[in-house]
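Reminder, nothing fancy here: chain letters follow the sequence lines and each chain counts from 1.
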Amino acid sequence: MQFSNILRIKSFFISYNNIIKMLKIYRNLIQYKDLLLILTWREISVRYRQTTIGIAWAIIQPLSLMLVFSFIFTYLMPTKVSGYPKMIFFYAALVPWTFFSTAINYAIPCLVNQYNLITKIYFPREILPISQIIVAFVDFLLASILFVFFMFFYNISLTWYVLWFFPLFIQLILFTVAMSLMLSSLNVFYRDVNVASGFVMRLWFFMTPIFYSIDALSIKIKLLLFLNPLTFIIENMRRCLIEGRGVIVWQFLIVSVILLIYFFASIVYFKKIERKFADVI
Amino acid sequence: MITLNDIWKQYKLNNITHRSIREDVVNLFKHKPISNQPDGTFWALKGINFSVKKGQCLGLYGPNGSGKSTILKIIGNITSPTRGTLQINGRIAPMIQQGAGFHLDLTGRENIYVNASILGMTIKQIRKNIDAIIEFSGLDKDMIDVAVKKYSTGMYVRLAFSVAVHTEADIFLIDEILAVGDEDFKKKCMNQILHLKKSGRTLIVVTHNMDQMEAVSDRIIYINKGVIQ
């Protein structure tokens with residue numbers, strides 16, 4: 001497959017065909033919802049079968065990172081990260097980050113791993129990465145329960161701004177789905193994606209305000225960090241959850257528009273090249 | 001019901017990875033130059049025309065690498081033809097691979113759900129059919145709730161086959177599936193396939209066993225090197 005083919009994006013957004021593709025992915029999900037349900041269930045039960053602590057693994061990852069960062073910034077290099085207790089400050093960002101990175105890590109190899117299915121049976125291919133995202137979402141829900149506990153423990157007072165969390169979470173899902181569709185399908189053609197993903201995700205982790213806040217940074221650095229959509233999403237999630245601050249509406253709208261365009265493009269792209277999976281994989 | 005109009009299928013051999021092509025041309029790979037074109041491409045199908053009516057059974061016969069499986073893949077919507085058009089009316093059950101989606105850590109019962117849903121059944125339909133599936137497979141009541149990795153090859157294959165034949169579909173694509181199990185089970189499979197045919201399902205069968213093929217097929221097409229002979 002020619003690289004230029006993959007990059008051909010011309011007339012992506014206006015064409016009638018592409019809107020049909022959008023609707024088709026939605027209709028497919030409704031029509032194949034049982035398959036999606038069963039594949040998701042399979043992933044979850046296979047992942048935690050024969051593990052002794054089972055689904056508790058979902059919480060251990062963000063929790064251990066939280067403890068390590070708290071240790072580092074309390075004892076090794078004492079820093080005042082923010083006005084809030086370090087533990088909950090880190091955890092509030094680690095939970096959405098873990099959702100994103102787990103979803104991407106599960107999704108990237110999922111098409112290639114299911115080589116046997118893809119070359120033998122037709123079903124809408126997007127079901128595979130989407131079921132991986134749902135698995136990550138279940139992990140996210142479990143980790144969130146612990147977050148609620150932390151909220152009480154640290155006596156964080158709730159404000160109405162907490163409701164901003166939900167539109168921000170929708171943004172996070174749009175971005176996660178778009179990235180997963182894009183990267184998992186690219187991985188079918190270039191296995192480099194899977195090889196690079198581990199280390200790119202680690203870099204990405206540091207470029208996202210998880211153990212720091214962008215508040216005190218200069219505008220130049222802020223703008224640079226805002227090239228990463230997760231900066232906006234995760235920083236604002238933390239602000240509305242524990243700091244009782246709202247989201248600036250015009251910023252939210254701009255990010256939403258960019259994410260919607262990206263989401264749309266990734267679906268059109270995925271539907272376009274999914275026909276070639278069976279021949280190339 | 002199924003109509004193929006002048007179907008051509010070209011594979012590129014210089015892809016970075018080409019597992020599915022390797023599978024199609026594995027035998028050619030050893031003896032002859034693979035590519036039949038100077039530009040490194042390979043025509044797996046060269047102008048295939050046929051149609052199958054509802055309730056008919058078509059057999060495809062030919063040596064390895066002749067394009068039989070590629071035809072099934074095109075009918076099953078797994079890959080698209082390079083040229084040509086096809087019309088299909090009805091739901092397809094691709095029995096091209098048995099036990100698609102089977103996971104060794106899951107129990108037999110759980111794998112029935114996974115496999116049947118991949119074959120296009122809804123959870124409701126699976127619930128309705130699960131007893132029939134288990135019974136047909138001939139597995140013990142206590143074996144069905146044991147992880148599939150503890151199964152013998154025969155048990156695994158029998159379970160997979162019985163899910164496939166209980167799929168609610170109009171068109172069945174059957175690739176070398178009759179070579180499974182012991183004699184008793186083979187006979188049972190044969191009967192089930194004849195039963196499917198009698199109940200008005202359309203079948204397309206690929207096998208190297210001429211006796212079986214003649215027993216089920218109304219019509220047999222010979223294919224060699226991507227051309228109907």
Please round to the nearest 0.5 Å and tell me the distance separating atom CG of B:Leu119 and atom CZ of A:Phe123. 11.0 Å
With distance as the sole test, does B:Asp105 use its side chain to make a donor-acceptor pair with the main-chain N or O of A:Val46 at under 3.5 Å? no
Does atom CD of B:Glu135 have more than 12 heavy-atom neighbours, drawn from other residues, nucleotides or ligands, at distances under 6.0 Å? no
Matching residue for A:Ile121 among B:Ile118, B:Ile92, B:Leu173 - test: side-chain contact (heavy atoms from CB on, under 4.5 Å): B:Ile118
Taking every heavy-atom pair that is under 4.5 Å apart, which of A:Ile127, A:Ile38, A:Leu39 has the most such pairs with chain B? A:Ile38
Is there a side chain to side chain contact (heavy atoms under 4.5 Å, CB included) between A:Trp41 and B:Glu110? Walk through the geometry before answering. CA-CA 10 Å; A:Trp41 167 84; B:Glu110 289 166 338; 3.4 Å; yes
Pairing of A:Asp279 and B:Lys73 as salt bridge, 4.0 angstrom limit: no
Any side-chain donor-acceptor pair under 3.5 Å between B:Ser117 and A:Asp34? no
Can you name the nearest heavy-atom pair linking A:Lys120 to B:Ile78, along with the distance? O-CD1, 2.7 Å
Please flag which part of B:Ile126 lies under 4.5 Å from any non-hydrogen atom of chain A: side chain, backbone, both or neither. side chain
Once you round to the nearest 0.5 Å, how far does NZ of A:Lys33 lie from OG1 of B:Thr122? 8.0 Å
Counting heavy-atom pairs under 4.5 angstrom with chain A, the leader among B:Ile123, B:Val114, B:Thr79 is B:Ile123
For A:Arg275, look at atom CZ and say whether over 12 heavy atoms of other residues, nucleotides or ligands are found less than 6.0 Å away. yes
